[in-house]
Amino acid sequence: MGQTLVVLKRLSSGLASGVAGVFKTVGLFFVDFALFLFNLLTPDRKKGAVIPKGCPGYGGKWPEYVPPQAGDSRCSCPALNALANHGILPHNGRDISFKDLNTVVRQSYNFSPTFCKFVPSYAANMLSRDYNTDFFDLADLDAHNCIEHDASLCRLDVHEEPDQGKIAHELVERLLTRGTGPNGNLTKKDLSRLLGERRVEAKRANPKYSQAFIHKMFGSSNSSTLLTIFGGQIDDIRTILTEERIPDGWEPRIRHRMGLTILEFNNTVLPVELGVKEEVDGSINVAGRERYDAVQKK
Ligand code: HEM
């Protein structure tokens with residue numbers, strides 16, 4: 001095949017897959033909107049009946065929790081690690097299909113089918129794997145600056161702790177004691193404050209610190225699951241973050257029939273992200289300047 005033909009074929013297939021990707025994403029958001037309306041128009045599931053019959057966790061009965069053993073694969077996501085610790089995902093955290101991830105997250109945490117398709121597809125894409133046919137180990141999700149990023153609330157930065165499956169207990173303790181809602185439960189303002197603090201401290205301490213806009217959005221999205229799926233309830237959050245275990249009798253706080261849609265989720269994510277005052281009051285720049293001065297002095 002001539003070189004020109006190779007170039008033309010690559011350009012046209014790149015263009016075709018780009019256009020198909022845009023259509024798929026737009027289509028998914030339309031479906032998400034329809035599910036959002038469906039949720040508005042239909043009554044929520046009754047308390048105690050969020051997890052579908054026959055699925056693990058139905059009636060609050062979660063399969064036995066077994067902490068990770070040597071050689072098991074774990075990642076920076078406490079919610080996925082918990083699924084593996086209960087054997088809902090393979091306990092060794094390996095060879096998970098993206099499609100199974102979709103199903104299991106939907107059944108266990110009551111996110112909408114759109115969210116459960118969107119995030120695993122994004123993960124497959126970032127790993128250059130095929131959503132329909134490929135597999136991953138949990139630790140694969142820790143590819144730095146794909147979804148995993150600096151200044152998380154439950155993990156040290158990868159520069160300091162390369163094993164992102166390791167719980168950063170000091171950070172988690174901080175999060176657990178900062179709730180200002182009733183019983184110390186977490187609120188949107190608490191999360192904005194915690195995220196801002198973490199971004200400043202990570203920028204000051206980590207010579208490799210980076211945080212693109214998309215990673216800020218991942219940071220606020222991941223942590224917003226604590227307010228939505230876990231309802232900000234500090235006792236449940238303690239169990240999930242310190243042991244990566246699903247509390248006995250627990251069920252998702254979102255009881256909509258079609259789960260938590262992307263649209264509704266953003267009603268929490270956006271205020272959390274937009275409420276991070278450190279992004280506008282200059283503290284992040286000061287932290288950057290301090291790091292620069294410290295490096296200069298060396
Ligand atoms: C659908 C598939 C999912 C994928 C691929 C995924 C992936 C990730 C990754 C890579 C991180 C680390 C981000 C960081 O560096 O801070 C993360 C964090 C997190 N995820 Fe997930 N996740 C998924 C589903 C969920 C679900 C369903 C929940 C809650 C029910 C959840 C809750 C969290 C929480 C609380 C964090 C910690 C945030 C922090 O430390 O700041 N995730 N997730």
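All values reported here derive from a predicted model rather than from experimental measurement. Every number for a ligand or one of its atoms is a count from 1 in the order of the listing. When a residue number appears, it is its place in the shown sequence, counting from 1.
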Review point. With atoms numbered from 1 as shown, which atoms in ligand 1 lie under 4.0 angstrom from a non-hydrogen atom of E148?
Key: 10 (C), 13 (C), 15 (O)
Practice item. Over all heavy atoms of both residues, which pair between G57 and P63 is shortest? Give the atoms and the distance, please. Key: N-CD, 4.3 Å
Practice item. State the atoms of ligand 1, each with its element, that fall below the 4.0 Å cut-off from a heavy-atom position in S152. Key: 14 (C), 15 (O), 16 (O), 39 (C), 40 (O), 41 (O)
Study note, to complete from the structure: Note: heavy atom closest to atom 36 (C) of ligand 1, options C146, C77, S224, P78, belongs to P78
Review point. Are I240 and V50 in one and the same hydrophobic cluster, where Ile, Leu, Val, Met, Phe, Trp and Tyr link if side-chain heavy atoms are under 4.5 Å apart?
Key: no
Practice item. Work out whether the distance between some heavy atom of G219 and some atom of ligand 1 is less than 4.0 Å. Key: no
Point to revise | Minimum-distance protein heavy atom relative to atom 38 (C) of ligand 1 | key: N222 CB, 3.6 Å
**Study point:** Proximal ligand 1 atoms for L226, defined as those under 4.0 Å from one of its heavy atoms
**Key:** 35 (C)
Study note, to complete from the structure: For V119, the ligand 1 atoms with a heavy-atom partner under 4.0 Å come out as 1 (C), 2 (C), 3 (C), 4 (C), 5 (C)
Point to revise | Close-contact set for ligand 1 against I147 heavy atoms, below 4.0 Å | key: 9 (C), 10 (C), 13 (C)
Check your understanding: Can you find an N/O atom of Y109 closer than 3.5 Å to an N/O atom of ligand 1?
Key -> no
Check your understanding: Relative to atom 41 (O) of ligand 1, which among L153, N145, T225 owns the nearest non-hydrogen atom?
Key -> L153
Check your understanding: Would a distance-only check, ignoring hydrogens and angles, find a side-chain to backbone donor-acceptor pair under 3.5 Å from E278 to I284?
Key -> no
Review point. Under a 4.0 Å N-O cut-off, is there an ion pair linking K166 with E161?
Key: yes
Check your understanding: When you look for heavy atoms under 4.0 Å from ligand 1, do you find them on the side chain of L80, its backbone, both, or neither?
Key -> side chain
Review point. With a 4.0 Å cut-off on heavy atoms, is F111 touching ligand 1?
Key: yes
Practice item. Give a yes or no answer on whether the side chain of D190 reaches the backbone of T187 with a donor-acceptor pair at less than 3.5 Å. Key: yes
Point to revise | Structural part of Y122 in contact with ligand 1, heavy atom criterion under 4.0 angstrom | key: neither
Check your understanding: Is the closest N or O pair between Q164 and ligand 1 shorter than 3.5 Å?
Key -> no
Study note, to complete from the structure: ligand 1 atoms nearer than 4.0 angstrom to some heavy atom of S76 are 9 (C), 10 (C), 11 (C), 12 (C), 18 (C)
Point to revise | Check: Y109 ring centre within less than 6.0 Å of F115 ring centre | key: no
Exercise for review: Considering heavy atoms of the protein only, find what lies nearest to atom 26 (C) of ligand 1 and give residue, atom and distance to 0.1 Å.
Suggested key: A79 CB, 3.8 Å
Exercise for review: Would you check if the side chain of N267 reaches a backbone N or O of E264 as a donor-acceptor pair within less than 3.5 Å?
Suggested key: no
Exercise for review: Before signing off on this row, confirm whether L101 and ligand 1 have an N or O atom pair separated by under 3.5 Å.
Suggested key: no
Check your understanding: Within the distance-only criterion (no hydrogens, no angle test), does the side chain of N39 pair as donor or acceptor with the backbone N or O of H256 below 3.5 angstrom?
Key -> no
Review point. Is the shortest distance from a Lys or Arg side-chain nitrogen in E251 or R45 to a carboxylate oxygen in the other one below 4.0 Å?
Key: no
Exercise for review: Could you tell me whether K203 and D157 have a side-chain N and a carboxylate O separated by less than 4.0 Å?
Suggested key: no
Review point. Does the pair E244/R74 count as a salt bridge with the N-to-O cut at 4.0 Å?
Key: no
Check your understanding: Side chains of S73 and D137: donor-acceptor distance under 3.5 Å anywhere?
Key -> no
Check your understanding: Nearest protein heavy-atom contact for atom 15 (O) of ligand 1: which residue, which atom, what distance?
Key -> H149 N, 2.8 Å
**Study point:** Nearest-contact summary for atom 40 (O) of ligand 1 - protein heavy atom, Å
**Key:** C154 N, 3.0 Å
